[in-house]
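These notes concern the structure reproduced below.
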2 protein chains.
Amino acid sequence: MKNNKDMPIEEHSGPLMADVARLAGVAISTVSRALANPGRVNEKTRAKIDAAAKQLGYTPNAMARGLRVGKSSTVMIILPGSLYYGVSQVIPQVLQSINKALLQNGYTLMIANLGRDAESERHILDLAFGGTVRGVIILSSKLPEVDGRSLANAGLPIVSMLLDMSDAGVPSVVTNDREAVRDATAEMIGMGHRRFFYIAGPRGNYHDVERHAGALEALRDAGIPQDALSLSGGDLDYHEGFEIGIQAAADFARLEERPTAVIATSDDMAISFVSRIQQTGLRIPGDLSVVSFDGAPVCEFCFPPLSTIEQPFEEMGEIAVARLLDAIGQEGREWEPCVVIRSKLILRESMAPFKS
Amino acid sequence: MKNNKDMPIEEHSGPLMADVARLAGVAISTVSRALANPGRVNEKTRAKIDAAAKQLGYTPNAMARGLRVGKSSTVMIILPGSLYYGVSQVIPQVLQSINKALLQNGYTLMIANLGRDAESERHILDLAFGGTVRGVIILSSKLPEVDGRSLANAGLPIVSMLLDMSDAGVPSVVTNDREAVRDATAEMIGMGHRRFFYIAGPRGNYHDVERHAGALEALRDAGIPQDALSLSGGDLDYHEGFEIGIQAAADFARLEERPTAVIATSDDMAISFVSRIQQTGLRIPGDLSVVSFDGAPVCEFCFPPLSTIEQPFEEMGEIAVARLLDAIGQEGREWEPCVVIRSKLILRESMAPFKS
DNA sequence: CGATTTTTGGCAAACGTTTGCTAAACGAGC
DNA sequence: GCTCGTTTAGCAAACGTTTGCCAAAAATCG
């Protein structure tokens with residue numbers, strides 16, 4: 001005795017729409033309409049159907065639906081290689097706000113991690129071209145692209161977050177990295193500081209380029225020569241921020257003319273830098289003022305409390321989602337290519353007026 | 001002139017398996033077999049088919065496949081309400097290791113956030129019962145359950161991480177919260193400390209229960225009365241760790257007989273506690289030793305460097321995935337109900353011998 | 001009560017795969 | 001040339017929905 005021709009597996013498959021129809025005593029098409037289109041069916045039968053569905057614990061099969069309508073309702077977020085930062089909760093905060101906004105609109109969030117390997121790129125492209133996802137939020141500067149297929153041609157709406165990719169035609173939601181650092185530097189200048197030390201992220205990285213430019217702009221605006229800004233770092237990635245700060249402290253010690261103000265491109269760098277610098281006997285803010293980027297809450301509890309530029313992760317996430325859903329819904333709403341949400345300098349004791 | 005009866009939408013839908021078959025000059029069923037079953041088709045035609053697929057940029061439609069075979073290849077991770085912790089990178093580290101392990105096995109990670117609202121529960125159950133996901137990793141103490149449907153009955157393999165839910169029949173992967181705190185406390189006792197201050201997480205929370213019990217065990221083992229352990233906290237959630245630490249510092253100041261050793265249930269609490277305590281003039285570790293839980297890297301750069309119990313997030317994630325995939329694959333491999341991976345105490349300056 | 005509108009039922013096709021089956025094509029060995 | 005074994009073609013059903021269509025039923029109204 002053998003199974004019927006086509007026998008999938010004897011899995012627990014749950015009640016079907018047909019079962020609901022039978023129980024409610026209506027046609028299967030009516031059930032479908034009742035569950036999807038609110039209006040197309042009489043209120044009374046709709047209630048009957050709802051009751052039947054609830055009684056059976058019916059849940060529509062997402063794949064069957066997705067296949068038929070040709071759309072999924074999951075959004076993919078592409079995270080850069082390393083999710084790990086020392087102290088600032090970039091990823092959790094971003095995920096939290098994005099997920100919340102998506103949930104409210106009936107979407108689900110899928111995670112993809114874009115490493116340097118072709119395998120992870122292929123995986124992402126399979127998701128994009130295979131109809132699994134409906135839209136993409138990307139936190140990486142590189143669009144996945146491998147043998148012919150490119151995320152750009154998947155026919156999916158894409159929104160870039162944290163990095164401005166509007167030049168590449170990708171709508172973006174970012175913060176004002178450059179201005180924020182420029183203003184913070186100007187603040188330092190206003191406090192009398194004239195020699196600066198810049199602790200850099202990976203060379204060529206968008207954030208580092210912008211923030212460095214911001215610092216230089218502030219000097220220029222104040223008529224201070226550009227070489228008043230010493231540089232450290234550039235070789236390590238942000239997730240190695242603590243190490244960058246340590247190296248920066250060593251670099252700093254070797255300088256002849258000591259700067260009096262430090263601008264770090266992440267809180268991690270500032271924290272380890274401060275720790276090492278204090279061990280050499282220098283005092284903050286007495287000898288050296290420090291400001292950094294990201295706005296990690298822990299900065300408040302450092303010794304001394306650290307000034308930092310707080311990124312509006314929550315708001316950026318919400319706007320990125322709104323923008324993506326607009327694009328999915330084909331709403332004609334007009335967006336500027338790159339939406340900028342301002343960061344906010346939080347002044348704490350680590351920044352103080354220069355005393356000669 | 002009107003569309004054909006059933007006209008979905010004119011979307012960019014990409015090449016189909018039929019297109020590949022045509023280009024390769026073979027039957028569609030052969031293409032399907034060539035792409036799935038490695039062996040069932042002649043090597044030469046397989047190469048021809050691969051070439052055709054590559055040339056067209058063909059990607060199989062995941063939903064059609066999933067519908068037909070009745071299985072998806074995405075795994076859902078259920079995160080507790082708040083993903084945000086002050087300083088320890090719990091979520092990113094867990095996500096990173098889980099995602100990596102899943103990717104290597106061809107699975108994709110989907111995120112679900114379990115809030116207190118019924119809506120988020122419903123959403124999760126829809127994913128589980130709707131065939132979208134193939135397995136679940138849960139970091140929350142509560143299994144989603146709403147009007148009749150419960151995640152426990154979805155017929156899906158579930159693995160709990162961080163919390164031991166093996167009593168509820170959910171296979172678990174955890175660290176040894178209790179022992180780790182017991183050992184750290186014993187270490188304090190060995191250093192001569194006799195009065196302790198425990199900064200607690202939310203009352204009744206698994207981690208808090210375990211860790212508190214661990215501290216008490218150490219006292220008992222050393223013959224120290226249980227009331228040598230003063231308590232603070234219990235009202236706020238872990239994501240408000242900084243606030244807990246602040247309140248604890250205030251509580252501490254009110255004690256008559258000052259403890260000399262502090263055990264905090266998260267690094268956040270320890271950091272803000274230390275910050276506030278130092279403002280009152282007390283010195284660490286001179287007057288007070290401190291140890292906390294989680295192993296945030298930033299602890300190394302605090303003043304003084306903080307002792308902390310480092311959780312093996314990476315390893316827990318890998319094992320949780322291995323275990324889940326075993327369950328999915330129906331592998332008969334035997335697991336103990338609850339796998340325990342040991343945490344590691346990292347001794348730093350914040351812990352020092354008691355000096356009267 | 002008859003005419004008109006609203007709501008359902010029933011049917012069937014479609015979404016893009018997978019898979020079992022039979023028969024045909026092909027190559028090799030006798 | 002014949003047989004045998006391997007490989008492929010071709011067909012068709014199935015996965016569980018959605019949706020257009022038309023006719024039937026029910027409700028509404030004058």
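Distance, B/Phe129 CZ to D/dG16 P: 16 Å, rounded to whole Å. Atoms CG (B/Asn42) and P (C/dA28) sit 12 Å apart, rounded to a whole Å. Here the C1' atom of nucleotide D/dT17 and the CG atom of B/Asp126 are 15 Å apart, to the nearest Å. The distance from atom CG of B/Asn61 to atom C1' of C/dG16 is 6 Å, rounded to the nearest whole Å.
Across C/dT18, D/dG16, D/dA9, the shortest atom-to-atom separation from the side chain of B/Val26 is found for D/dA9. For A/Leu16, the listed nucleotide lying nearest its side chain is D/dT17; candidates were C/dG9, C/dT18, D/dT17. In the set D/dT8, D/dT17, C/dG9, D/dT17 carries the atom at the smallest distance from any side-chain atom of A/Ala64. For B/Arg65, the side-chain atoms get nearest to C/dT17 when compared with the rest of D/dT17, D/dC15, C/dT17. Set against D/dT17, D/dG10, D/dT18, the side chain of A/Val69 has D/dT18 as its closest nucleotide. Taking the side chain of B/Arg68 as heavy atoms from C-beta on, and the options D/dG16, C/dT18, C/dG9, the nearest nucleotide is C/dT18. Side-chain atoms of A/Arg33 lie closest to D/dC21 of the nucleotides D/dC21, D/dT7, C/dC15.
No more than 12 heavy-atom neighbours from other residues, nucleotides or ligands sit within 6.0 angstrom of NZ on A/Lys100.
Side-chain contact, A/Arg134 with A/Ser73: no donor N or O sits under 3.5 Å from an acceptor N or O. Of the N and O atoms on the side chains of B/Ser150 and B/Asn153, not one donor lies less than 3.5 Å from an acceptor on the other residue.
As judged by a 4.0 angstrom heavy-atom cut-off over every strand, A/Gly25 is placed among residues touching the sugar-phosphate backbone only. Within the nucleic acid shown, A/Thr45 comes within 4.0 Å of sugar-phosphate atoms alone, with no base atom in reach, counting heavy atoms only.
OP1 and OP2 of C/dG16 both lie 4.0 Å or more from every side-chain N or O belonging to B/Tyr58. The side chain of B/Ser32 contributes no N or O atom lying less than 4.0 Å from OP1 or OP2 of C/dT17.
Contact annotation: side chain of A/Ser29 to base of C/dG9, donor-acceptor pair absent below 3.5 Å.
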Apply side chain to side chain donor-acceptor pair (under 3.5 Å) to residues B/Ser120 and B/Asp117 and explain how you reach the verdict. CA-CA 6 Å; B/Ser120 69; B/Asp117 51 322; 3.0 Å; yes

